[in-house]
**Student:** 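One structure coming up, written as structure tokens, with questions to follow.
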Protein chains: 2
Amino acid sequence: MKQISTRFSMAVHILSLIAVNSNELTGDFIAGSVNTNPVVIRRIMGMLKKAGLVEVRPGVGGASLLKAPEEITLLDVYRAVNVIKENQLFRVHEEPNKQCLVGQNIEMVLQSELNEVQSAMEQRLAQTTLSLLTIRFK
Amino acid sequence: MKQISTRFSMAVHILSLIAVNSNELTGDFIAGSVNTNPVVIRRIMGMLKKAGLVEVRPGVGGASLLKAPEEITLLDVYRAVNVIKENQLFRVHEEPNKQCLVGQNIEMVLQSELNEVQSAMEQRLAQTTLSLLTIRFK
DNA sequence: ATAGTTGTAACTATAATGAGTACAACGGTG
DNA sequence: CACCGTTGTACTCATTATAGTTACAACTAT
């Protein structure tokens with residue numbers, strides 16, 4: 001059973017840390033909280049940076065959000081860490097037999113349906129913001 | 001980028017074949033339409049059988065649906081082939097540092113949110129029946 | 001200059017997948 | 001009953017993404 005990569009949950013963790021604490025966060029400290037290797041954190045930070053969600057001070061350390069926590073949704077994070085590309089959550093088997101009525105049609109019909117399924121999921125992701133999460137920490 | 005297994009799309013293909021054609025379908029014929037190895041088909045058929053969706057005649061070959069195509073949803077198929085278990089679409093990183101406010105809370109807060117996301121997706125899957133798919137074959 | 005960072009490249013172990021071979025068990029048909 | 005085509009499984013294998021790791025260059029304040 002394949003699951004969606006922990007890159008996503010780690011990214012949310014990282015952003016929550018930055019949102020909650022002030023900016024004096026080094027990669028090593030974050031790695032300590034997430035409980036993984038600092039390089040894993042740097043890789044994810046790189047993706048978040050490329051997506052325009054965070055800003056990192058190289059050399060000296062420290063990161064800050066480039067958007068308000070109210071404006072960062074789980075969908076933004078999910079897209080940033082490249083978990084799943086557009087319309088590719090489901091993988092459809094390739095090259096069904098075109099000689100066959102079903103083989104001929106299944107690809108397009110099923111794919112269009114699965115796009116809607118993925119879209120339903122992503123819409124739900126878009127409803128949750130970073131601040132909605134961190135507000136629940138106690 | 002990990003995607004959901006093609007077992008699922010193959011299973012939908014198999015069920016569509018059974019729904020559209022009458023019952024004289026051998027595993028080898030299905031394998032020809034799906035364009036894969038017959039053993040892959042037999043494995044998936046085994047899962048569909050265990051889920052109570054199809055009936056297979058061992059020895060002689062041939063399979064039939066145990067429910068009407070109007071009553072088989074994509075969610076049924078998805079569950080049958082064990083693509084993703086309940087609340088496990090997303091994998092959350094384990095053992096965050098409990099010393100830290102974020103590490104302490106992230107697991108539960110994020111998981112409950114992700115359960116809702118997965119649920120949104122599954123509800124959409126449940127809306128599409130096998131007959132809604134096959135009716136679009138032309 | 002130095003120390004403590006970030007940014008990457010390269011390598012590894014692990015796990016799920018999809019394909020494949022082999023063979024036992026089954027069930028009509030001649 | 002003997003045969004043949006089928007299903008049911010147990011193994012094996014190559015491929016792929018992941019998460020972790022080591023190593024080191026580049027950067028920045030002191």
Side-chain angles (χ1 to χ4, degrees), chain A residues 1-11 13-14 17-18 23-32 34-51 54-64 78 81-85 88-96, chain B residues 1-14 17-18 23-51 54-64 78 81-85 88-96:
Chain A
M1 190 193 65
K2 269 191 187 168
Q3 298 174 272
I4 287 176
S5 165
T6 54
R7 268 206 311 280
F8 174 57
S9 71
M10 289 189 193
H13 190 145
I14 294 170
L17 275 171
I18 302 177
N23 35 6
E24 304 301 311
L25 290 166
T26 68
D28 281 33
F29 178 86
I30 297 178
V34 173
N35 191 21
T36 183
N37 192 291
V39 175
V40 173
I41 299 299
R42 287 181 225 153
R43 270 200 288 256
I44 297 174
M45 296 280 279
M47 295 180 177
L48 297 175
K49 210 169 51 175
K50 191 178 289 181
V54 301
E55 188 179 42
V56 180
R57 297 192 319 180
V60 60
S64 47
Y78 167 93
V81 296
N82 244 331
V83 185
I84 296 290
K85 297 206 191 73
Q88 295 194 6
L89 173 59
F90 294 89
R91 195 152 91 80
V92 174
H93 58 290
E94 284 157 15
E95 301 179 12
Chain B
M1 190 193 65
K2 269 191 187 172
Q3 298 173 274
I4 287 176
S5 166
T6 55
R7 267 205 312 279
F8 175 56
S9 72
M10 290 188 191
V12 175
H13 189 145
I14 293 170
L17 274 171
I18 302 177
N23 35 7
E24 302 303 311
L25 290 166
T26 68
D28 281 35
F29 178 86
I30 297 178
S33 173
V34 173
N35 191 21
T36 184
N37 190 290
V39 175
V40 174
I41 299 298
R42 286 181 225 152
R43 268 199 289 256
I44 297 174
M45 296 280 278
M47 294 179 179
L48 296 175
K49 210 170 49 175
K50 191 178 290 184
V54 301
E55 187 178 42
V56 180
R57 295 194 318 179
V60 59
S64 47
Y78 167 91
V81 296
N82 243 331
V83 184
I84 296 290
K85 297 206 191 74
Q88 297 195 5
L89 173 59
F90 294 90
R91 195 152 91 79
V92 174
H93 60 289
E94 284 158 13
E95 302 180 12

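Here is how names work: the chains are called A, B, and so on, in the same order as the sequence lines, proteins then strands, and each is numbered from 1. Values in this document were obtained by computation on a predicted structure and should not be read as measured data.
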**Student:** Might you work through the side chain to side chain contact (heavy atoms under 4.5 Å, CB included) test for V34(B) and H93(A), ending with a clear yes or no?
**Tutor:** CA-CA 8 Å; V34(B) 173; H93(A) 58 290; 3.7 Å; yes

**Student:** What is the distance from atom OG1 of T36(A) to atom CE of M10(A), rounded to the nearest 0.5 Å?
**Tutor:**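 Atom-to-atom, T36(A):OG1 and M10(A):CE are 4.5 Å apart.
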
**Student:** If you look at every heavy atom in P96(B) and N35(A), which pair is closest and at what distance?
**Tutor:**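 For P96(B) versus N35(A), the nearest heavy atoms are CA-CB, 4.3 Å.
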
**Student:** For S5(B), give me all partners under side chain to side chain contact (heavy atoms under 4.5 Å, CB included), at least two apart in sequence or on another chain.
**Tutor:**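 Listed in chain order: R7(B).
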
**Student:** Heavy atoms of chain B, cut-off under 4.0 Å: which first and last nucleotide of DNA chain C, 5' to 3', fall inside that, if you could look?
**Tutor:**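 Range of nucleotides touched by chain B: dT17(C) to dG27(C).
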
**Student:** Note the angle between the end axes of the helix from dA1(C)-dT30(D) to dG30(C)-dC1(D), five pairs defining each, rounded to 10 degrees.
**Tutor:**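 Both end axes considered, the difference amounts to 10°.
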
**Student:** Once you measure the plane-to-plane angle for F8(A) and Y78(A), does it fall in the parallel (<30°), tilted (30-60°) or perpendicular (>60°) bin?
**Tutor:**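 The rings of F8(A) and Y78(A) stand perpendicular, inter-plane angle above 60°.
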
**Student:** Please report the closest heavy-atom contact between I84(B) and K2(A), naming both atoms and the distance.
**Tutor:**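 Looking at all heavy atoms of both residues, the closest pair is CD1-O, 2.8 Å.
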
**Student:** Expressed as a whole number of angstroms, how long is the span from M10(A):CE to dT18(D):P?
**Tutor:**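 Atom-to-atom, M10(A) to dT18(D), this comes out as 12 Å.
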
**Student:** Measure the CG-CD distance between L89(A) and Q3(B) for me, rounded to the nearest 0.5 Å.
**Tutor:**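 The CG atom of L89(A) sits 8.0 Å away from the CD atom of Q3(B).
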
**Student:** Starting from P on dG20(D), measure out to CD1 on I41(A) and report it in whole angstrom.
**Tutor:**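 Going from CD1 in I41(A) over to P in dG20(D) covers 9 Å.
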
**Student:** Measuring from R91(B):CZ to M1(A):CE, what's the distance to the nearest 0.5 Å?
**Tutor:**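 Going from the CZ atom of R91(B) to the CE atom of M1(A) covers 9.5 Å.
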
**Student:** Reading nucleotides 4-13 of chain D 5' to 3', which nucleotides get B (base under 4.0 Å from a protein heavy atom), which S (sugar-phosphate only), which -?
**Tutor:** -BBBBBBB--

**Student:** What is the separation between atom CD1 on I44(A) and atom P on dA19(D), rounded to the nearest whole Å?
**Tutor:**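 About 8 Å, once rounded to whole Å.
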
**Student:** Check whether S9(A) reaches the backbone of T6(A) with its side chain - one donor and one acceptor, N or O, closer than 3.5 Å.
**Tutor:**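 Yes.
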
**Student:** Just how far, in rounded Å, is C1' of dT16(D) from CG of N82(A)?
**Tutor:**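 That distance rounds to 16 Å.
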
**Student:** Holding to side chain to side chain contact (heavy atoms under 4.5 Å, CB included), I want the full list of residues that pass it with K49(A), two or more places apart in sequence or in another chain.
**Tutor:**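 Side chain to side chain contact (heavy atoms under 4.5 Å, CB included) list for K49(A), sorted by chain: V54(A), V56(A).
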
**Student:** Could you give the CD1-to-P distance, from I84(A) to dA17(D), as a whole number of Å?
**Tutor:**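 Taking atom P of dA17(D) as the reference, CD1 of I84(A) is at 11 Å.
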
**Student:** Check residues 38-45 of chain A and write down every donor-acceptor pair under 3.5 Å in which the side-chain atom is one partner and the other belongs to a residue at least two apart or another chain.
**Tutor:**
none

**Student:** Would you say dA19(D) has OP1 or OP2 under 4.0 Å from some side-chain N or O of S5(A)?
**Tutor:**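 Affirmative; the distance criterion is met.
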
